[in-house]
Amino acid sequence: MRIKKLHLVGLLTIAGVVFISLALVVVPALSADARNEVRSAVPAPKETPASQPLHYVTPVLGATGTVTKTSTLPDIPLGEFQNALLPDSIEDDRGVKLGSLGSALFPLGGNEYWTVTDRGPNPEVYDDVRTFVVPAFDPTLVHVKVRGESIEIVESIPITNTDGKPVTGLPNRAFGEESVPLAADATTVLPYNINGIDPEGLVRTADGHFWISEEYATSILELDADGRILKRHLPAGTEDVYREAGVEYPVEGSLPAALQYRKANRGLEDLALLPDGKTIVAGLQSSIVVPGQKDRIVTELLTFDTKSGKTLHEFPYQFDDPSTFGDRGRKLKLSALIPVDADHVVVQERTDTQTRFYLVKLDPADDLIAGADKQLVVNLAGVQGVPEKIEGAWLKSKDTLVLSNDNDFGVVERPYADGEKVQDNGARTKIVEVKLG
């Protein structure tokens with residue numbers, strides 16, 4: 001089966017859509033020494049090696065999986081964590097613990113990884129209605145080390161604009177299906193922030209720069225070694241909206257225009273750095289919005305040149321039949337990407353409770369990656385010890401898969417009154433190793 005490129009489908013089918021613009025081992029409470037260590041890491045993040053050569057491997061195929069190791073992030077109060085980096089930035093963390101580090105997993109060697117938080121504690125209190133429990137939270141780059149059963153924080157770098165001001169995790173503007181930003185009570189409307197980002201994917205290039213994907217615009221951002229945004233690459237045609245709204249860092253319309261029509265909370269989900277050291281692969285979490293096709297199962301991979309700042313190619317990607325997940329097409333998500341070689345990546349397809357991985361070739365002559373184009377690496381449905389919401393992955397060896405989860409900050413999803421502490425749902429950030437055999 002062949003289809004037209006996603007960006008043409010998006011533009012033709014939804015041309016009438018209009019912008020509505022603008023408007024560890026660490027102890028549970030950080031000690032003074034620990035706070036000083038975290039704070040001192042911010043001015044000098046280059047103490048960490050910029051980027052070691054990545055070890056690329058081709059995975060075994062058709063494997064079964066067994067969890068052989070599980071490491072957990074200890075409880076760290078969110079306010080103490082951020083205030084050590086950005087003093088007095090959070091007045092009340094409502095009892096939220098640091099979490100949601102598992103959406104990205106970029107290896108440094110020696111069981112160390114760069115990760116990134118998402119936009120902050122953001123429970124879905126009603127269908128498609130989310131609240132911001134700690135709206136002052138600033139997305140943060142976090143270097144972690146797996147040590148036995150614990151995840152240690154080695155270094156943390158808050159993401160800021162070019163002047164060092166926190167960008168926050170608040171949404172940019174009113175658009176499409178997105179609900180307005182609401183406070184924890186699910187009633188009070190919060191202001192938009194054109195600088196805000198919702199990070200998901202992360203890689204680091206040899207020059208020490210970070211590249212992250214985020215879901216609001218959706219966009220790809222380049223950050224320097226200190227976490228300052230150097231440029232945000234947006235869907236073509238949206239850059240002037242951001243400039244006119246006073247965005248505080250450079251923006252360019254470098255991505256396919258149709259990406260602006262991504263589903264709410266379903267933007268560019270992960271990045272993979274190919275062996276040339278400059279090409280990244282980005283994956284759109286779900287299909288763009290096409291009227292009348294809520295269960296559409298074609299999404300997109302794209303390649304992007306970090307040197308030129310240009311999109312190179314788009315690869316429409318079709319999920320497995322939703323019935324094989326026991327769900328509807330609207331529930332299917334692409335999350336983790338793992339680079340294998342110059343033209344192969346491992347792609348994760350998932351729901352919140354099931355996950356499977358495929359090896360695919362990025363062939364510009366192929367109009368649709370589907371069916372026989374996808375070689376099964378492993379289906380982890382029902383495998384004991386695999387956390388829910390796996391979003392980060394790396395191949396440690398051809399038969400060892402490392403996974404990380406997004407625990408959504410462990411917050412029970414409901415409205416909270418002013419000053420009320422959140423309920424803890426027990427979910428924790430984990431990094432697990434899976435033996436493929």
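Predicted model, so just to flag it, every value in this text is computed and none were measured.
- The two residues A393 and L401 come nearest to each other via the heavy atoms CB-CD1, 4.5 Å.
- Among the candidates L271, L268, I212, D118, the single residue satisfying the side chain to side chain contact (heavy atoms under 4.5 Å, CB included) test with E200 is D118.
- When all heavy atoms are compared, the tightest approach of L141 to G227 is CD1-CA, 4.2 Å.
- Counting heavy atoms from C-beta on, the side chains of W211 and R204 never come closer than 4.5 Å.
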Full working for side-chain hydrogen bond (donor to acceptor under 3.5 Å, both in side chains) between N193 and R173: CA-CA 7 Å; N193 184 343; R173 60 200 178 97; over 6 Å; no
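- Paired with P121 under the rule side chain to side chain contact (heavy atoms under 4.5 Å, CB included), one option of V422, L78, D408 passes, and it is L78.
- Within the 3.5 Å criterion, the main-chain N or O of T131 finds a donor-acceptor partner in the side chain of N122.
- Side-chain contact between V281 and L274 is present, with heavy atoms from C-beta onward closer than 4.5 Å.
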Would E214 and S219 count as a side-chain hydrogen bond (donor to acceptor under 3.5 Å, both in side chains) if you check the C-alpha gap in whole Å, the side-chain angles of each, and the deciding distance to 0.1 Å? CA-CA 6 Å; E214 71 84 39; S219 61; 2.6 Å; yes
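- By the 4.0 Å N-to-carboxylate-O rule, D295 lies close enough to R330 to be salt-bridged with it.
- T115 places a side-chain N or O within donor-acceptor distance of the main-chain N or O of V142, the cut-off being under 3.5 Å.
- Inter-residue side-chain proximity for V386 and V432 is flagged as unmet; no heavy-atom pair is nearer than 4.5 Å.
- The minimum heavy-atom distance between R232 and I194, with the atom names listed, is NH1-O, 3.6 Å.
- The distance from atom CG of L332 to atom OG of S286, rounded to the nearest 0.5 Å, is 7.5 Å.
- If you take CD on Q348 and CD1 on I338, they are separated by 8.5 Å, rounding to the nearest 0.5 Å.
- Within a 6.0 Å sphere centred on NZ of K69, heavy atoms belonging to other residues, nucleotides or ligands number more than 12.
- The residue from V247, I159, N195, D224 that alone fulfils the side chain to side chain contact (heavy atoms under 4.5 Å, CB included) condition with I229 is I159.
- The 12-atom threshold is exceeded at CD of E124, counting heavy atoms of other residues, nucleotides or ligands nearer than 6.0 Å.
- Contact check for E269 versus E215: side-chain heavy atoms found under the 4.5 Å cut-off.
- By the 30° and 60° cut-offs, the orientation of the rings of H313 relative to F315 is tilted.
- The aromatic rings of W114 and F210 lie perpendicular to each other, with more than 60° between the two planes, well past the 30° mark.
- Side-chain contact check for F357 versus L403: some heavy-atom pair is nearer than 4.5 Å.
- Looking at V346 and P59, their side chains come closer than 4.5 Å, going by heavy atoms from C-beta outward.
- With salt bridges taken as basic N to acidic carboxylate O contacts below 4.0 Å, none links E222 and K231.
- Tested against R356, the residues V378, V377, L380, T324 include a single side chain to side chain contact (heavy atoms under 4.5 Å, CB included) partner, T324.
- The pair K333-E391 fails the salt-bridge criterion, with no side-chain N (NZ, NE, NH1 or NH2) lying under 4.0 Å from an Asp/Glu carboxylate O.
- Salt bridge D352/K331: absent, no basic N to carboxylate O contact under 4.0 Å.
- The shortest non-hydrogen separation linking F409 to L98 is CD2-C, 4.3 Å.
- Taking the side chain as every heavy atom from C-beta outward, S213 and T218 never approach each other to under 4.5 Å.
- Look at D424 and K97 and you find no salt bridge, because none of the NZ, NE, NH1 or NH2 atoms lies under 4.0 Å from a carboxylate O.
- Proximity of V340 to V345: side-chain heavy atoms (C-beta onward) are nowhere separated by under 4.5 Å.
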